[in-house]
Amino acid sequence: IVFQRLEKNFRAFTVLAFIVTFTTFLFSFTLRDPSLYFFKYAIHKSDNFFSKGQCGCRQCMTELEDDPWFTERFNQSVHPLMSRRNSLLTDDTYHWWQQLQGHKDPANFSEVVEKLFQVIPDDDDLYKDAGPERCRTCAVVGNSGNLKGSRYGPLIDSSDVIIRMNMAPTSGFEKDVGSRTTHHVMYPESAIDLDNTTSLLLIPFKTLDLQWITSALTTGSINETYVPVQSRIKANKNRVLIYSPAFFKYVSDTWLESKGRYPSTGFLSLLFAVHICDKVSVYGFGADQYGNWHHYWENNYNGGNFRETGVHDADHEYNVTLLLADKHKINIFKGF
Ligand code: C5P
């Protein structure tokens, strides 16, 4: 009997020793090499179990132990939208912004901003509603021909926020691109009319663009920039937003390392989404399966070729977009 008891105790001791050794090994291993994703993930998620995470999605835009490439670039203190309060630009930003389209003799910037915010809302708090209970899903829909035949429509429409841009139509293309639009990104030369429920997000490239939107929503007195433009626009003026020139410069300098003359509408929209959403899905970016860079509503493969504008560095933009996907910050739906 004594012998049997001893053997039982010995077995219990061995099991205990094994557990202690294995646990110590696991922890020291994880600390030495934090790239061991499974262990890091398990520890991280159990953290979230006790103290809530940054958002309500399975994965959030910012994580506890984040990717260094991403954290070096992602700067939450630069707000994507312009308000009266943040409209004052540093000399550096103002000059960088003014030379984008080289407009001579611009009007007084602060007077123009003041008039603009007498027409549209000046809301400083928009999209700062991140929280552990919320999972804000966004679809950024670029204009690539790779959307044709994709049947992504229902998937795109299921997002909370759906961002489209420039001349993008939905009518007649619903199966592939969806029909809902919560935000339409444009500049005066690419403007189209919107319905009452959609937010117009204006990317201003010059002071005149801020004067144009003020005029297009009221008197209709401006009908030309460097080309003829719509003098009036159908849009809900309570839902007009202005892309901040300071954020524009941040996207160009930090995310594109100043490659290309300036970022494309698609890339600016993507970074806007990265800053206001928890989960970003990207559609309609890049070439189609035959290497064409046309728009999804055009049959002319050379028409509106985004890659050959000479203004954007399309390849670099696409590579940064792929890196964001690689770091699990966005999902790219590559189309056909
Ligand atoms: O041509 P447009 O600028 O209106 O297209 C909107 C955006 O969609 C572009 O700025 C670009 O980021 C993206 N795009 C793309 N590949 C294409 C066409 C457009 O990535 N073939």
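What you see below is based on every heavy atom in this structure, not just the backbone, and it leaves out hydrogens, waters and symmetry mates. As the structure lists them, so they are numbered: ligands from 1, and atoms in each ligand from 1.
You'll find the ring centres of Phe285 and Phe333 outside the 6.0 Å limit.
Per the SG-SG cut-off, Cys60 and Cys55 are bridged by a disulfide [distance under 2.5 Å].
Atoms of ligand 1 found under 4.0 Å from any heavy atom of Met165, numbered from 1 in the order shown, are 6 (C), 7 (C). Close approach of ligand 1 to Asn166 is summarised as follows: ligand atoms under 4.0 Å from at least one heavy atom of the residue are 2 (P), 3 (O), 4 (O). Short contacts between ligand 1 and Gly266, defined as distances under 4.0 Å to a heavy atom of the residue, involve ligand atoms 7 (C), 9 (C), 10 (O), 12 (O). Residue-ligand proximity, His295 to ligand 1, at heavy-atom distances under 4.0 Å covers atoms 1 (O), 2 (P), 4 (O). Here is the list of ligand 1 atoms found below 4.0 Å of a heavy atom in Gly142: 8 (O).
The number of heavy-atom neighbours closer than 6.0 Å to NZ of Lys279, taken from other residues, nucleotides and ligands shown, is 12 or below.
Here's the thing with Phe285: none of its N/O atoms is less than 3.5 angstrom from an N/O atom of ligand 1. In terms of N/O distances under 3.5 Å, ligand 1 is approached by Asn143.
When each of Trp96, Tyr187, Phe272, Trp255 is paired with Phe248, the ring pair (Phe, Tyr, Trp, His ring centres under 6.0 Å) condition holds for Trp96 and for no other.
Using the six-membered ring where Trp is involved, His275 and Phe247 have ring planes that are perpendicular, over 60° apart on the 30 and 60° scheme.
The closest non-hydrogen atom to atom 12 (O) of ligand 1, taken over Ala314, Ala287, Gly286, Ser264, comes from Ser264.
The closest approach between any non-hydrogen atom of His312 and ligand 1 is not below 4.0 Å.
Atom NZ of Lys329 sits about 7.0 Å away from atom CE of Met61, to the nearest 0.5 Å.
Note on Leu88: it does not cluster hydrophobically with Phe117, by side-chain heavy-atom contacts below 4.5 Å among ILVMFWY residues.
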